Amino acid sequence: MIQLKTLLAALMLILLPQTIGAAEANDSVRVLWIGNSYTFYNDLPRMVQEIGATQNVKYAMTTVTKGGERLSGHLQNPRLIELLAQGGWDYVIVQEFSSTPAYSTTTVVNETYPYAHTIDSLAMAGSPGAKVIFYMTWGHKNGNTRQTPYPLDDTYTAMQDRLKLSYLEMAYDNDAWCAPVGMAWQTVRREHPHWELYKADNFHPSIIGSYLAANVIFTTMFRKPYTTYVVYTIPARVAHSLQETAQQTVMKNLKLLNIK
C-alpha cells in the first residue's frame with residue numbers, strides 16, 4: 001500500500017508541470033486592435049495570431065479598423081467605446097494615422113496625444129489589468145507623401161525620427177508600452193535595402209513589411225525568444241532574419257520602449 005502511494009505521488013510530480021503547462025496554453029490572450037490600413041493590410045492581426053499558435057499561445061482578437069482613420073475619429077465610433085467599456089482585454093494595440101505623429105510638435109500635441117490618452121484611459125477603466133501598446137509605424141519610403149510644409153518629415157529618415165519620438169512619448173505619457181515596428185523597419189532598410197518592405201505606393205506595407213510588424217508586436221507582447229515556421233510566401237531565410245531583427249529590436253530596447 002505504501003509503495004502504491006509512493007508511486008502515485010511520483011506520478012503526480014511528473015504530471016503536474018505538464019498539467020499546468022496545458023492549462024496555460026489553453027488560456028486565451030484577448031487582444032483589441034485599433035488602427036487603419038497599416039493594421040488591416042495583409043491581415044496583420046491574423047499574422048500575429050498564427051505566429052502565436054506556433055508558440056502554444058491561444059489568441060482571441062477583435063479589430064476596430066478603418067482606412068485612413070485617426071485616433072480622434074475612432075473615438076467617434078460607438079462600437080469602440082462599447083468594446084473598451086466591456087473590458088476583459090489583455091492587450092489593446094493602438095495605431096495612429098501614418099502621417100499624423102510625424103507632423104510638427106505643436107500639431108502632435110494638439111491632434112494626437114489627447115486622443116491617445118483618452119483611448120488609454122478608457123482601456124484601463126474597462127480592463128484594469130490590460131497593457132496598452134502603441135504600435136510605432138514607419139516612415140514613408142521617400143518622406144511624408146502628404147507633402148506638408150513641415151521640413152522635419154520630408155525624407156524617410158526625418159519622418160521616422162518624428163514617428164519614433166511621438167510614439168515613445170505616447171507610451172511614456174500613459175505608462176504604456178511601445179511596439180517598435182518603425183525602428184525594426186529602419187534596421188531592415190539599412191541592412192537589407194533590396195528587401196521590399198513597401199507596396200508600390202511607397203507607404204503601405206508589403207507582405208514582408210507586415211510580417212516584420214507582426215513579429216515585432218508578438219515579441220513586444222510576450223518578450224521572449226522564439227522561432228516560427230509560419231513564413232507565408234516569404235523565403236525562409238528572409239523570414240527568419242526578419243524574426244531575429246524584430247526580437248532584437250524589442251529585447252535590446254525594453255527600457256526605451258517603457259516595457260517593464
Side-chain angles (χ1 to χ4, degrees), residues 21 24-25 27-31 33 35 37-61 63 90-95 98 131 133-139 141 156 160 163-164 167-168 171 177-199 203-260:
E24 291 174 347
D27 289 340
S28 291
V29 176
R30 299 189 68 236
V31 185
W33 293 78
S37 58
Y38 276 29
T39 294
F40 68 67
Y41 254 56
N42 303 310
D43 203 348
L44 174 63
R46 184 72 59 189
M47 281 188 173
V48 177
Q49 183 182 50
E50 291 175 352
I51 291 168
T54 69
Q55 306 306 306
N56 212 25
V57 175
K58 190 176 179 182
Y59 175 118
M61 65 180 179
T63 61
D90 296 297
Y91 298 98
V92 178
I93 300 175
V94 183
Q95 179 245 316
S98 69
K131 182 53 64 177
I133 299 175
F134 288 99
Y135 158 17
M136 178 200 297
T137 56
W138 51 88
K141 191 171 187 178
Y156 162 74
Q160 185 60 64
L163 290 168
K164 177 180 176 181
Y167 273 101
L168 290 174
W177 293 354
C178 183
V181 176
M183 292 166 58
W185 195 285
Q186 192 165 29
T187 297
V188 173
R189 277 189 54 143
R190 181 179 64 250
E191 296 182 353
H192 304 284
H194 54 293
W195 292 358
E196 189 51 76
L197 294 164
Y198 299 89
K199 297 282 281 185
F203 61 98
H204 280 114
S206 68
I207 187 72
I208 289 177
S210 291
Y211 187 77
L212 176 64
N215 280 277
V216 170
I217 291 170
F218 183 80
T219 305
T220 301
M221 292 165 66
F222 296 101
R223 304 173 308 289
K224 60 184 180 181
Y226 65 91
T227 299
T228 178
Y229 294 98
V230 172
V231 299
Y232 305 105
T233 58
I234 303 169
R237 175 184 62 85
V238 174
H240 293 145
S241 177
L242 294 170
Q243 291 174 36
E244 287 184 10
T245 298
Q247 292 174 47
Q248 290 174 9
T249 304
V250 174
M251 300 306 294
K252 291 182 177 180
N253 291 288
L254 294 176
K255 182 178 179 181
L256 177 69
L257 303 169
N258 206 42
I259 299 174
K260 303 169 183 176

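These numbers come from a predicted model, not from an experiment.
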If I take atom [atom1] from residue [X] and atom [atom2] from residue [Y], how far apart are they, to the nearest 0.5 angstrom?
{"X": "Q49", "Y": "M61", "atom1": "CD", "atom2": "CE", "value": "4.5 Å"}
{"X": "Q186", "Y": "E191", "atom1": "CD", "atom2": "CD", "value": "11.0 Å"}
{"X": "C178", "Y": "Y167", "atom1": "SG", "atom2": "OH", "value": "8.5 Å"}
{"X": "F222", "Y": "I51", "atom1": "CZ", "atom2": "CD1", "value": "11.0 Å"}
{"X": "I234", "Y": "S210", "atom1": "CD1", "atom2": "OG", "value": "8.5 Å"}

Any side-chain heavy atom of [X] within less than 4.5 Å of one from [Y]?
{"X": "H194", "Y": "H192", "value": "yes"}
{"X": "L242", "Y": "W195", "value": "yes"}
{"X": "T63", "Y": "T39", "value": "no"}
{"X": "N42", "Y": "K199", "value": "no"}
{"X": "W33", "Y": "F40", "value": "no"}
{"X": "I259", "Y": "K131", "value": "no"}
{"X": "M221", "Y": "V48", "value": "yes"}

Short side-chain donor-acceptor distance under 3.5 Å, N215 and Y226: yes
Verdict with reasoning, V31 to Y59, per side-chain contact (heavy atoms from CB on, under 4.5 Å): CA-CA 7 Å; V31 185; Y59 175 118; 3.8 Å; yes
Residue pair M47, I207: steps toward the side-chain contact (heavy atoms from CB on, under 4.5 Å) verdict: CA-CA 10 Å; M47 281 188 173; I207 187 72; 3.2 Å; yes
Non-neighbouring partners of Y198 that pass side-chain contact (heavy atoms from CB on, under 4.5 Å), sequence neighbours left out: W138, K141, Y156, W185, R189, E196
Flag if over 12 foreign heavy atoms under 6.0 Å of NZ, K164: no
Pairwise side chain to side chain donor-acceptor pair (under 3.5 Å) hits with a residue in residues 243-260, at least two apart: D175-K260, Y211-Q243
Partners passing ring-ring contact (aromatic ring centres under 6.0 Å, His included) against Y41 (at least two apart in sequence or in another chain): H204
Side chain to side chain contact (heavy atoms under 4.5 Å, CB included), paired with L163, selected from T137, V181, L168: T137
For W177, the option from V250, I133, I93, L257 that meets side chain to side chain contact (heavy atoms under 4.5 Å, CB included): I133
Considering all heavy atoms, the nearest V231-A239 contact: CG1-CB, 3.4 Å
